[in-house]
K.L.:
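My structure is below; once you've seen it, I'll send some questions.
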Amino acid sequence: QVQLVESGGGLVQAGGSLRLSCAASGRILSNYAMGWFRQAPGKEREFVAAITWSGNRIYYMDSVKGRFTISRDNAKNTVYLQMNSLKPEDTAVYYCAARAGDKVGARVLDWGYWGQGTQVTVSS
């Protein structure tokens, strides 16, 4: 089992930055691909970014490319999402996800483990 705990969410003005963290326990994180999803009120959960266990492949949804950066520190069992130039449409609950192995997927069902989520609110 993998337990994931997100932190770093909050309220920020448009154009600002936040860094989300996801701390994992229960298993060695280096054996897992990691991802971030988000869910806005009334909308489905959507893929934001993912990184393979080796860190050599990274994927982003189109609307965050150039603004968000996913990274991981396997020694600390932690994955990060640096979010810059935030927009009101980035407002959502952000979820960390883990998947055993070195493949990633953009569907919710591709991921086996989830955190509880952290709220990000961007004001205009």
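One is the number of the first residue; the rest follow in order along the sequence.
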K.L.:
Are side-chain heavy atoms of Q119 and T91 found at a separation under 4.5 Å?
P.N.:
yes

K.L.:
Please give me the minimum heavy-atom distance between S71 and V79, naming the atom from each residue.
P.N.:
O-CG2, 3.0 Å

K.L.:
Using 0.5 Å steps for rounding, measure from the CH2 atom of W36 to the SG atom of C22.
P.N.:
5.0 Å

K.L.:
I51 and V64: same hydrophobic cluster, using ILVMFWY side-chain contacts below 4.5 Å?
P.N.:
yes

K.L.:
Test of understanding: clusters of I, L, V, M, F, W, Y form through side-chain heavy atoms closer than 4.5 Å, transitively. Do M34 and M61 belong to the same one?
P.N.:
yes

K.L.:
Could you tell me whether the side chain of R72 and the main chain of T52 form a donor-acceptor pair under 3.5 Å?
P.N.:
yes

K.L.:
What about L18 and L81, same hydrophobic cluster or not, with Ile/Leu/Val/Met/Phe/Trp/Tyr joined at side-chain heavy-atom distances under 4.5 Å?
P.N.:
yes

K.L.:
For a side chain to side chain contact (heavy atoms under 4.5 Å, CB included) check, start with the C-alpha distance between V2 and Y32, then their side-chain angles and the critical distance, and finish with the verdict.
P.N.:
CA-CA 10 Å; V2 175; Y32 290 77; 3.5 Å; yes

K.L.:
Pair V93, R38 - check side chain to side chain contact (heavy atoms under 4.5 Å, CB included), show working.
P.N.:
CA-CA 5 Å; V93 177; R38 68 186 184 187; over 6 Å; no

K.L.:
Is the shortest distance from a Lys or Arg side-chain nitrogen in D110 or R107 to a carboxylate oxygen in the other one below 4.0 Å?
P.N.:
yes

K.L.:
Hey, could you give me the CZ/CH2 distance between F37 and W111, rounded to the nearest 0.5 Å?
P.N.:
6.0 Å

K.L.:
Minimum heavy-atom separation for S21 to T78, with atom names?
P.N.:
CB-CG2, 4.3 Å

K.L.:
Just by modelled atom types, is the D102 backbone N or O under 3.5 Å from a matching donor or acceptor in the R57 side chain?
P.N.:
yes

K.L.:
Is there side-chain contact between V120 and L20, with heavy atoms separated by less than 4.5 Å?
P.N.:
yes

K.L.:
Out of curiosity, N77 CG to Q3 CD, how far, rounded to the nearest 0.5 Å?
P.N.:
11.0 Å

K.L.:
Find the distance between NZ (K87) and OG (S124) and round it off to the nearest 0.5 Å.
P.N.:
14.0 Å

K.L.:
Does the side chain of Y80 reach to within under 4.5 Å of the side chain of T69, using non-hydrogen atoms?
P.N.:
no

K.L.:
Could you pull out the closest heavy-atom pair between N56 and S54, with the gap in Å?
P.N.:
OD1-OG, 2.5 Å

K.L.:
Quick one: salt bridge (charged side-chain N to carboxylate O under 4.0 Å, His left out) partners of R99, sequence neighbours excluded?
P.N.:
none

K.L.:
Quick one: sort the F68 and Y94 rings into parallel, tilted or perpendicular, breaks at 30° and 60°.
P.N.:
tilted

K.L.:
Rounded to the nearest 0.5 Å, what separation is found between the OG atom of S25 and the CD atom of Q1?
P.N.:
10.5 Å

K.L.:
Any link between Y113 and V48 through a network of hydrophobic side chains (Ile, Leu, Val, Met, Phe, Trp, Tyr) touching at under 4.5 Å?
P.N.:
yes

K.L.:
Flag yes if V104 and Y95 sit in one hydrophobic cluster, no otherwise; membership is Ile, Leu, Val, Met, Phe, Trp, Tyr, and two members link when side-chain heavy atoms are under 4.5 Å apart.
P.N.:
yes

K.L.:
Can any side-chain N or O of Y60 pair as donor or acceptor with the backbone N or O of A50 at less than 3.5 Å?
P.N.:
no

K.L.:
Quick one: does any side-chain atom of T118 pair with a main-chain N or O of E6 as donor and acceptor, under 3.5 Å?
P.N.:
no

K.L.:
Any idea which heavy atoms bring V5 and Q116 closest together, and the distance?
P.N.:
CA-OE1, 3.8 Å

K.L.:
Supply the atom-to-atom distance E46 CD to Q39 CD, rounded to the nearest 0.5 angstrom.
P.N.:
9.5 Å

K.L.:
Check the pair V12, S17 against side chain to side chain contact (heavy atoms under 4.5 Å, CB included), reporting the backbone distance first and the verdict last.
P.N.:
CA-CA 7 Å; V12 64; S17 299; over 6 Å; no

